[in-house]
Enquirer: 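One structure, as structure tokens, below. Some questions next.
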2 protein chains.
Amino acid sequence: MSKLVTLRKPAECATDNTMCTASLKAIQDIMDILGGKWKIAIVTCLCYNPRRYSELLKLVDGISGKVLSRELKDLEMNKLIVRTVKDTQPISVEYAITEYGNTFKELIQTMAEWGIKHRKKIIGK
Amino acid sequence: MSKLVTLRKPAECATDNTMCTASLKAIQDIMDILGGKWKIAIVTCLCYNPRRYSELLKLVDGISGKVLSRELKDLEMNKLIVRTVKDTQPISVEYAITEYGNTFKELIQTMAEWGIKHRKKIIGK
DNA sequence: CAGTATCCGGTTTGATACTG
DNA sequence: CAGTATCAAACCGGATACTG
């Protein structure tokens with residue numbers, strides 16, 4: 001039941017390569033699941049509201065149908081989202097964030113805030 | 001001095017597309033700077049300690065020299081890191097996180113923690 | 001040491017057309 | 001609507017050799 005890595009305060013590990021390597025490994029893990037051009041955007045979308053395939057296609061600017069469906073499959077495999085087929089006419093499919101995927105919301109919020117600050121710093125100067 | 005976006009609590013924005021779109025934009029901003037296969041890993045490394053080019057080449061597993069130097073340039077342009085040439089013999093170059101880039105540390109920590117939890121859930125079950 | 005230049009092959013992607 | 005199939009083009013990314 002040992003931890004894979006324990007992050008310590010900067011001052012404590014200033015020269016510690018082991019900590020760095022361990023963090024890199026953890027970062028690697030998360031990037032495997034959420035890396036790439038689109039996954040974080042899709043999860044962000046679904047954090048706010050469940051969406052249908054066609055809605056996502058419009059919301060996630062620039063993504064193509066092929067790529068969207070592939071990314072959705074990946075995310076579903078990792079249990080971040082669920083796919084629900086609704087028996088309407090014609091059929092409709094809803095993608096929603098899982099309880100688990102929802103634990104990612106805090107991270108998204110932090111990232112979004114950072115993005116806003118950065119824009120102010122670089123562009124809004 | 002208006003905010004670009006204000007994230008609200010889930011319950012408040014369950015059906016709010018505007019919020020979603022605004023967050024997507026912010027996420028986009030941050031991904032432009034830190035997206036791709038390597039940038040987050042490099043910044044993570046430098047958050048712990050300044051590093052020389054050759055050290056990074058070893059620490060960031062799998063990266064090639066060409067790609068590393070390109071990524072370092074990008075990060076420098078965005079003021080996340082600084083490059084310092086040391087007048088040794090032979091010459092050595094040190095890359096360090098900037099005060100600004102350091103604001104990213106909290107995010108890295110959150111990501112690393114999430115990565116660890118995910119591994120436990122999926123693999124360590 | 002700290003890169004840059006070149007070549008080159010694999011992956012990813014976008015368009016388009018198609019299916020149930 | 002919600003995808004899948006196909007194909008060519010674009011985009012990396014690695015290996016190697018080279019420079020100051």
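Residue numbering restarts at 1 for every chain, and letters A, B, ... go by the order of the sequence lines.
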Enquirer: To the nearest 0.5 angstrom, please state how far the CD1 atom of Ile81(B) sits from the OG1 atom of Thr98(B).
Expert: 8.5 Å
Enquirer: Grab the CG-C1' distance between Leu57(B) and dT4(C) for me, whole Å please.
Expert: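 Rounded to whole Å, this separation is 14 Å.
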Enquirer: Who does dT4(D) pair with, Watson-Crick or G-U, both distances under 3.5 Å?
Expert: dA17(C)
Enquirer: Does Ser64(B) put a side-chain nitrogen or oxygen below 4.0 Å from OP1 or OP2 of dG13(D)?
Expert: no
Enquirer: Hey, are Lys39(A) and Glu71(A) close enough for a salt bridge, meaning a charged N less than 4.0 Å from a carboxylate O?
Expert: yes
Enquirer: Please give, in whole Å, the distance from dA15(C) C1' to Leu68(A) CG?
Expert: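 Those two atoms, CG and C1', are 16 Å apart.
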Enquirer: Would you call Glu94(A) and Arg51(A) a salt bridge, using N to O less than 4.0 angstrom?
Expert: no
Enquirer: Consider the side chain of Arg52(B), meaning its heavy atoms from C-beta on, and name the nucleotide among dG14(D), dT4(C), dC1(C) that approaches it most closely.
Expert: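 Within the option list, the nearest is dC1(C).
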Enquirer: Taking the side chain of Ser92(B) as heavy atoms from C-beta outward, which of dA2(C), dC1(D), dT4(D) is closest to it?
Expert: dA2(C)
Enquirer: Among the nucleotides dG13(D), dT4(D), dC1(D), which one has an atom lying closest to any side-chain atom of Lys66(B)?
Expert: dG13(D)
Enquirer: On DNA chain D, does the nearest nucleotide to Ile91(A) precede the nearest nucleotide to Ile91(B) from the 5' side, or the other way round? Give the residue.
Expert: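 Nearest nucleotide further toward 5': that of Ile91(A).
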Enquirer: More 5' along DNA chain C: Lys73(B) or Lys58(B), using each one's nearest nucleotide?
Expert: Lys58(B)
Enquirer: In whole angstrom, what separates Ile63(A)'s CD1 from dA15(C)'s C1'?
Expert: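 Rounded to the whole Å, the gap is 15 Å.
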Enquirer: Report the nucleotide, chosen from dT4(C), dG14(C), dA2(D), that has the shortest atom-to-atom distance to any side-chain atom of Tyr53(A).
Expert: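 The answer is dA2(D), which lies nearest to the side chain.
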Enquirer: Base, sugar-phosphate alone, or nothing: which one does Gly62(A) contact when heavy atoms must sit under 4.0 Å apart?
Expert: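 Sugar-phosphate, no base atom in range.
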Enquirer: To the nearest Å, give me how far apart CG (Leu72(A)) and C1' (dC1(D)) are.
Expert: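 After rounding, the reported distance stands at 14 Å.
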Enquirer: Counting side-chain heavy atoms from CB outward, which of dA2(D), dG14(D), dT12(C) is closest to Arg70(A)?
Expert: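 From the listed options, dT12(C) comes nearest.
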Enquirer: What nucleotide, of dA2(D), dG13(D), dC1(C), holds the atom closest to the side chain of Val67(B)?
Expert: dG13(D)
Enquirer: Mind calculating the distance between CG (Asp74(B)) and C1' (dG3(C)) to the nearest angstrom?
Expert: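 Roughly 15 Å, once rounded to whole Å.
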Enquirer: If you compare every side-chain N and O of Thr88(A) against the phosphate oxygens of dC1(D) (OP1, OP2), does one of them come in below 4.0 Å?
Expert: no
Enquirer: Does any part of the side chain of Leu107(B), heavy atoms only, come nearer than 4.5 Å to the side chain of Ile30(B), both counted from C-beta?
Expert: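 Yes, side chains in contact.
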Enquirer: Compare side-chain N and O positions of Tyr95(B) against OP1 and OP2 of dG3(C) and report whether any pair is under 4.0 Å apart.
Expert: yes
Enquirer: Tell me the interatomic distance from Asp87(A), atom CG, to dG20(C), atom P, rounded to whole angstroms.
Expert: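 Interatomic distance, CG of Asp87(A) to P of dG20(C): 19 Å.
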Enquirer: Has Ser92(A) got a side-chain atom pairing as donor or acceptor with Thr88(A)'s backbone, closer than 3.5 angstrom?
Expert: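 Looks like no, no N/O pair under 3.5 Å.
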Enquirer: Could you tell me which nucleotide pairs with dG10(C) by Watson-Crick or G-U wobble geometry, both distances under 3.5 Å, or answer none if nothing does?
Expert: dC11(D)
Enquirer: Arg83(B) side chain N/O closer than 4.0 Å to the phosphate oxygens (OP1, OP2) of dG3(C)?
Expert: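 It does, given that an N or O in the side chain of Arg83(B) lies less than 4.0 Å from OP1 or OP2 of dG3(C).
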Enquirer: On the 0 to 90° scale, with breaks at 30° and 60°, tag the Trp114(B)-Tyr100(A) ring pair as parallel, tilted or perpendicular.
Expert: parallel
